[in-house]
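Sequence lines set the chain letters: A, B, ... in the order given, protein chains first and strands last, and positions in each chain run from 1. Keep in mind that what you see is a predicted model, and the values were worked out from it rather than measured. Any value given below was found using the heavy atoms of this structure, including those in side chains, with hydrogens, waters and symmetry copies removed.
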2 protein chains.
Amino acid sequence: MSTNTLPDIKTSFPEWYQEVIVQADLVDTSPTRGCFIIKPNGYAVWEGIQRILDEKIKQEGVENAYFPLLIPEEFLRREEKHIEGFAPEVAVVTHAGGKSLEEAYVIRPTSETIIYDAFSRWIKSWRDLPLKVNQWANVVRWEMRTRAFLRTTEFLWQEGHTAHATYEEARAMSLTMLEHYRQLAEEYLAIPVVIGEKTPYERFPGADTTFTFEGLMQDGKALQMGTSHILSQSFPASFGVRFQAQDGTLQSPFCTSWGATTRLIGALIMTHGDQQGLIMPPRIAPTQVVIVPIFKSDEEKVNTVAAAQKIATELRAAGVRVVIDADEHKTPGAKFYHWEARGVPVRMEIGPKDITAQHVVLVNRMEQDKTKKKTFAGFGNVVQDVNVLLESIQKALFDKAKERRNSQWHQADKLSEFGAKLDADNGMFQVGWCGGQLCELELKAVKGTIRCLLNENKHKSCFNCTSPSSRDILIAKCY
Amino acid sequence: MSTNTLPDIKTSFPEWYQEVIVQADLVDTSPTRGCFIIKPNGYAVWEGIQRILDEKIKQEGVENAYFPLLIPEEFLRREEKHIEGFAPEVAVVTHAGGKSLEEAYVIRPTSETIIYDAFSRWIKSWRDLPLKVNQWANVVRWEMRTRAFLRTTEFLWQEGHTAHATYEEARAMSLTMLEHYRQLAEEYLAIPVVIGEKTPYERFPGADTTFTFEGLMQDGKALQMGTSHILSQSFPASFGVRFQAQDGTLQSPFCTSWGATTRLIGALIMTHGDQQGLIMPPRIAPTQVVIVPIFKSDEEKVNTVAAAQKIATELRAAGVRVVIDADEHKTPGAKFYHWEARGVPVRMEIGPKDITAQHVVLVNRMEQDKTKKKTFAGFGNVVQDVNVLLESIQKALFDKAKERRNSQWHQADKLSEFGAKLDADNGMFQVGWCGGQLCELELKAVKGTIRCLLNENKHKSCFNCTSPSSRDILIAKCY
């Protein structure tokens with residue numbers, strides 16, 4: 001295991017990804033088509049994301065609830081665009097309790113339909129609004145091409161659903177959650193994101209507006225990291241959701257839905273990994289510091305392990321997540337490799353000479369410059385120095401990712417100019433667009449897609465047909 | 001709503017239960033057969049249980065992971081007893097992605113099979129043991145007679161699965177988790193439980209030993225609140241789980257599994273509710289204190305709400321979960337009723353006279369004696385007095401439930417003597433048993449079941465056949 005090397009991250013990024021998640025022990029394959037087992041090392045990252053996001057969700061007055069996994073198949077048909085979008089992807093339960101069912105159920109691909117059915121009972125008057133619920137749940141979408149975390153038949157997510165009396169309120173709610181997602185991505189996962197609006201052809205099936213936040217991975221391809229929608233007013237109406245407004249009229253509410261999934265773990269890996277494996281941003285890292293006592297004799301072992309335990313206790317009291325690796329069956333080198341592959345941001349080494357010198361060695365996982373990679377921390381300063389180092393790694397990871405992203409964010413005018421470069425080198429291209437689907441489809445030739453509409457208007461004409469453009473778009477290849 | 005009254009808790013307990021969960025806004029019916037929507041008020045209790053239990057689980061070195069929802073149907077067949085037990089209950093996915101599947105999947109009724117398949121890859125040597133994982137997940141069992149929280153087609157739970165090198169270690173693990181469940185039930189949910197072993201005929205399908213913890217509800221019926229199993233050694237073996245022992249031989253590990261579900265919420269309701277509705281034990285109550293400012297004029301409103309907010313801030317800083325109900329569209333009486341039905345253990349009233357007197361009124365939800373129900377707390381003592389009151393309610397709820405349970409725990413010798421009493425009055429009967437299934441089946445006539453085997457031997461002969469008994473059992477009607 002300690003002699004494995006990863007495929008070259010620059011030339012073989014997909015192979016690198018497939019291998020790094022195995023070496024870091026994040027997932028395992030499963031006997032279920034398109035599904036992966038999320039192993040403890042991977043699930044701990046999801047628990048961290050849940051903790052951060054759940055607090056943000058509750059801060060907005062949204063309450064957690066739980067709705068059934070199985071949805072009557074007929075529900076999906078009530079909203080025309082919704083069934084068009086999801087029919088090819090659903091898993092269907094036709095038998096249960098030893099019998100064939102009279103009415104089939106689909107496993108939720110998303111829960112708007114069953115939640116609007118409940119809203120039709122819960123919402124009667126404007127006094128019942130806004131109504132805001134969220135659920136942490138699993139969903140199933142039968143995907144043909146699957147890849148761990150990025151696209152799987154079953155995935156874990158949160159899905160928030162709110163109903164409001166006015167469009168303005170619904171829009172504000174949708175954008176507020178998008179901003180929370182941005183904060184989660186940038187401040188915790190250290191992934192710089194672009195926020196914007198999807199084109200009409202890329203909207204969620206049944207939405208009037210879909211906002212997205214997108215990251216640019218190390219290979220120059222974009223990843224949609226999550227979305228927030230304003231639903232068409234007819235969607236809740238098709239489930240009989242109506243309320244008596246303050247003026248006495250009967251109206252349909254304006255609804256939002258927004259979700260973030262285990263795909264965020266994939267984004268993390270593809271943004272920060274390097275040739276040695278994962279790099280976990282300290283604020284989300286399940287283990288922030290691994291302490292490796294270095295010993296040869298039994299006496300050295302006793303002393304270095306005791307020192308490690310004392311320091312670990314101090315660090316834990318300060319809220320740092322620490323593991324001690326004192327396994328005597330493995331060499332220090334094998335341990336270094338093991339924890340590097342798992343992306344632990346700081347390694348601390350304590351050998352007999354360090355004890356004599358009353359200091360520890362801190363090794364920065366992301367630093368490539370060998371003269372800066374190792375530093376010493378005096379016994380009295382360990383907690384402070386570790387915290388400073390963790391925060392500096394958090395910042396450096398974000399800065400590095402942002403610099404890379406910016407260097408791959410190009411301004412362009414015409415497809416004939418940038419098309420070949422996109423096709424060959426990936427990256428993002430900010431251009432003008434007439435708003436027409438025909439021009440959007442022209443991007444297929446260079447494997448490009450419109451990632452989102454921006455709130456800028458630097459480019460005055462369409463990248464394809466040269467008609468006037470009132471809003472820039474961002475084009476990239478994508479996952 | 002404020003004029004609703006509940007069915008009589010003494011004479012119409014099932015109807016009382018059905019109604020109290022609706023009035024307390026815990027659940028709603030759903031269009032999915034046998035499934036209920038867990039509304040925010042109900043889900044908040046589950047979040048509390050998760051928080052407590054997750055910490056206990058991690059304390060034992062068990063790590064959370066996530067395994068697929070869908071299990072190849074063939075997996076269930078590999079263990080004879082397991083398929084016998086679960087075949088009549090599974091929901092089957094036969095179509096997905098618009099096509100008929102070559103191999104059908106069942107929605108997990110429990111995950112031993114797919115987890116042992118993973119264990120067969122993860123466990124090679126004794127060095128890989130013990131292996132301890134848990135998942136928080138939904139499961140589906142197609143139940144014919146459903147009742148919210150107690151028995152539903154889909155339910156939420158945690159399922160822990162561990163593998164060990166020796167039987168002794170597995171047994172210790174299984175009993176350790178049973179002890180954590182007991183603590184959760186008694187120390188947080190304030191439900192006294194009996195812990196014991198299931199008879200061979202009541203074991204989990206595929207287990208050698210099933211431990212249970214059982215509560216006695218207010219109607220004198222027992223409720224199995226959760227179980228912990230030692231699996232038959234052949235179960236993991238049928239998935240090829242083998243390890244090389246320290247002596248070089250190839251062996252099958254000894255496995256445990258243990259689960260607790262949303263049924264615990266039902267146990268809480270049926271243990272502590274009264275004629276006014278729910279009573280939430282303070283340690284698990286999502287809202288521990290509701291503050292109701294009492295006002296008539298606008299000026300009084302401003303003053304009492306300001307005082308309520310100041311006190312709420314102090315209480316929150318001390319970790320108390322507080323809600324202020326300052327709704328001017330509802331009378332104080334309607335609010336009292338509303339929060340009583342929801343089981344909030346302490347109500348605080350602040351009116352203009354209370355502000356003058358520099359105190360608040362504390363109202364104890366569970367106290368029936370009107371002379372003790374209300375007390376005053378000086379502004380300077382609110383935090384301390386509230387905490388003392390909350391802890392005293394926590395203790396009083398447990399003591400009351402235990403006293404009731406003990407008064408319904410009878411010693412008996414012969415079915416001919418206690419049968420009629422069990423049939424008419426419910427309660428638990430501790431008796432001797434020969435260990436034979438024929439005697440166990442005789443209990444059907446009085447709707448009795450053996451809840452568990454105890455570690456006592458007060459009764460020397462079987463309750464039915466009078467053959468010698470080496471271990472007492474507990475008999476009750478059950479949910």
Side-chain angles (χ1 to χ4, degrees), chain A residues 28-33 35-44 46-47 54 63-72 75 87-99 101 103-105 107 114-115 117-118 121-122 127 133 135-138 140-144 153-154 156 262 329, chain B residues 28-33 35-44 46-47 54 63-72 75 87-99 101 103-105 107 114-115 117-118 121-122 127 133 135-138 140-144 153-154 156 262 329:
Chain A
D28 193 9
T29 53
S30 89
T32 306
R33 207 195 141 288
C35 290
F36 292 81
I37 295 164
I38 306 181
K39 296 185 78 173
N41 279 342
Y43 198 81
W46 184 237
E47 288 183 306
D54 197 60
E63 296 181 300
N64 285 335
Y66 189 76
F67 296 83
L69 170 75
L70 300 176
I71 298 178
F75 271 32
E89 292 187 0
V90 292
V92 189
V93 175
T94 54
H95 290 70
K99 287 182 189 166
L101 295 173
E103 183 190 31
Y105 291 100
I107 300 181
I114 200 162
I115 288 180
D117 177 64
R121 295 187 298 278
W122 301 350
R127 285 195 185 85
V133 296
Q135 74 176 351
W136 290 95
N138 53 344
V140 169
R141 298 178 186 176
W142 217 254
E143 301 281 358
M144 284 304 107
T153 298
E154 181 188 6
L156 303 181
T262 32
H329 299 287
Chain B
D28 193 10
T29 53
S30 90
T32 307
R33 207 193 141 291
C35 291
F36 292 81
I37 295 163
I38 306 181
K39 296 185 76 173
N41 279 343
Y43 198 79
W46 184 237
E47 288 183 306
D54 197 60
E63 295 181 301
N64 284 335
Y66 189 76
F67 296 84
L69 171 74
L70 300 176
I71 299 178
F75 271 32
E89 291 187 0
V90 292
V92 189
V93 175
T94 53
H95 291 71
K99 287 181 188 166
L101 295 172
E103 183 189 33
Y105 292 100
I107 300 181
I114 200 161
I115 289 179
D117 178 65
R121 295 188 297 278
W122 301 349
R127 284 197 185 82
V133 296
Q135 73 176 352
W136 291 94
N138 53 345
V140 170
R141 298 177 187 176
W142 217 254
E143 300 281 358
M144 283 303 110
T153 299
E154 181 188 5
L156 304 180
T262 33
H329 298 287

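- Listed options B:G98, B:A91, B:P31 were ranked by heavy-atom pairs under 4.5 angstrom with chain A; first place goes to B:P31.
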- Carefully, step by step, assess A:Y66 and B:T262 under the rule side chain to side chain contact (heavy atoms under 4.5 Å, CB included). CA-CA 11 Å; A:Y66 189 76; B:T262 33; over 6 Å; no
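- Contacts of B:E89 classified as salt bridge (charged side-chain N to carboxylate O under 4.0 Å, His left out), with partners at least two apart in sequence or in another chain: none.
- Closest heavy-atom contact between B:P68 and A:T32: CB-OG1, 3.8 Å.
- Residues B:W122 and A:I37 meet the side-chain proximity criterion, which asks for heavy atoms closer than 4.5 Å.
- Contacts between A:E47 and chain B at a heavy-atom distance below 4.5 Å involve the side chain alone, from C-beta outward.
- The candidate from A:V90, A:I38, A:I115 with the greatest count of non-hydrogen atom pairs under 4.5 Å with chain B is A:I38.
- The cationic group of B:K99 does not satisfy the cation-pi geometry with A:W142, failing either the under 6.0 Å distance to the six-membered ring centre or the 45° limit from the ring axis.
- With sequence neighbours excluded, the residues forming a salt bridge (charged side-chain N to carboxylate O under 4.0 Å, His left out) with B:R121 are A:D28, B:D117, listed by chain and number.
- Only the backbone of A:P88 comes within less than 4.5 Å of a heavy atom of chain B; no side-chain atom from C-beta onward does.
- Between chain B and the residues A:I107, A:N41, A:V133, A:I71, the largest count of heavy-atom pairs under 4.5 Å involves A:I107.
- Of all the heavy atoms in A:L69 and B:E154, the pair that sits closest is N-OE1, 2.8 Å.
- For A:L156, the part lying near chain B is the side chain, with the backbone staying farther off; criterion is any non-hydrogen pair under 4.5 Å.
- Between B:Y105 and A:R33, some side-chain heavy-atom pair lies under the 4.5 Å cut-off.
- The shortest side-chain heavy-atom distance between A:L70 and B:T153 does not fall under the 4.5 Å cut-off.
- Looking at heavy atoms from C-beta onward, A:V140 lies out of side-chain contact with B:V93 at the 4.5 angstrom threshold.
- Each of A:I114, A:L101, A:T94 has some count of heavy-atom pairs under 4.5 Å with chain B, and the biggest count is that of A:T94.
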